[in-house]
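Numbering of residues begins at 1 and proceeds along the displayed sequence.
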Amino acid sequence: MITSTTGPQPADFADVRATNLAVVLRFVREHAPCSRADIAASTGLNKATVSSLVADLIDRRLVRETGLTENRVGRPATMLVLDGSPYAAIGVEINVDTVSAVATDLAGSGC
């Protein structure tokens, strides 16, 4: 439930999807390279949901597929890593006698 000034409101599909996208993106950032099955097993999301969320993240160019792994029993898994190359964040702090700036990419590396 999400509370607001008008009282408790049920979470809508967009809220749940946004939260799940953040969960998947955070998992890939922390555990890359990883597979969709790894994400599903660790987050508790079902495999179909993870596949849909990963497809969305790939479309947004936040995640990319790197290839197959063959160090496992069964079908090889397609591994995922952060992409985010088209994205950056810039921060500026202006004080009386100093100016500080920072630029970072999606992985937290300085640009």
Mind checking whether [X] and [Y] have side chains closer than 4.5 Å, heavy atoms only?
| X | Y | answer |
| --- | --- | --- |
| V54 | I39 | yes |
| L57 | L21 | yes |
| L62 | Y87 | yes |
| I58 | R64 | no |
| L80 | P33 | no |

- prompt: More than 12 heavy atoms of other residues, nucleotides or ligands under 6.0 Å from CZ of R17: is that the case?
  reply: yes
Between [X] and [Y] (side chain of the first, backbone of the second, donor and acceptor by atom type, cut-off under 3.5 Å), is there such a pair?
| X | Y | value |
| --- | --- | --- |
| T49 | L45 | no |
| N95 | D97 | no |
| S51 | K47 | yes |

In Å and rounded to the nearest 0.5 Å, what is the [atom1] to [atom2] distance from [X] to [Y]?
| X | Y | atom1 | atom2 | result |
| --- | --- | --- | --- | --- |
| T43 | R26 | OG1 | CZ | 11.5 Å |
| S35 | R75 | OG | CZ | 10.5 Å |
| L68 | T78 | CG | OG1 | 4.5 Å |
| C34 | R29 | SG | CZ | 12.0 Å |

message: Please tell me whether F13 and L53 are part of a single hydrophobic cluster in this structure, the criterion being side-chain heavy atoms less than 4.5 Å apart.
response: no
F27 to D38 - nearest heavy-atom pair and separation: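 Reported closest heavy-atom pair: CZ-O, 3.9 Å.
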- prompt: Which heavy-atom pair separates L25 from L82 by the least distance, and what is that distance?
  reply: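 Nearest pair, atom of L25 first, then L82: CD1-CD2, 3.6 Å.
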CA sep, side-chain torsions, deciding dist, call: E65, R36, side chain to side chain contact (heavy atoms under 4.5 Å, CB included): CA-CA 10 Å; E65 296 176 331; R36 289 167 177 82; 2.7 Å; yes
- request: Output, in order, the C-alpha distance, side-chain angles, deciding distance and verdict of side chain to side chain contact (heavy atoms under 4.5 Å, CB included) for V63 and D83.
  value: CA-CA 5 Å; V63 171; D83 185 359; 5.7 Å; no
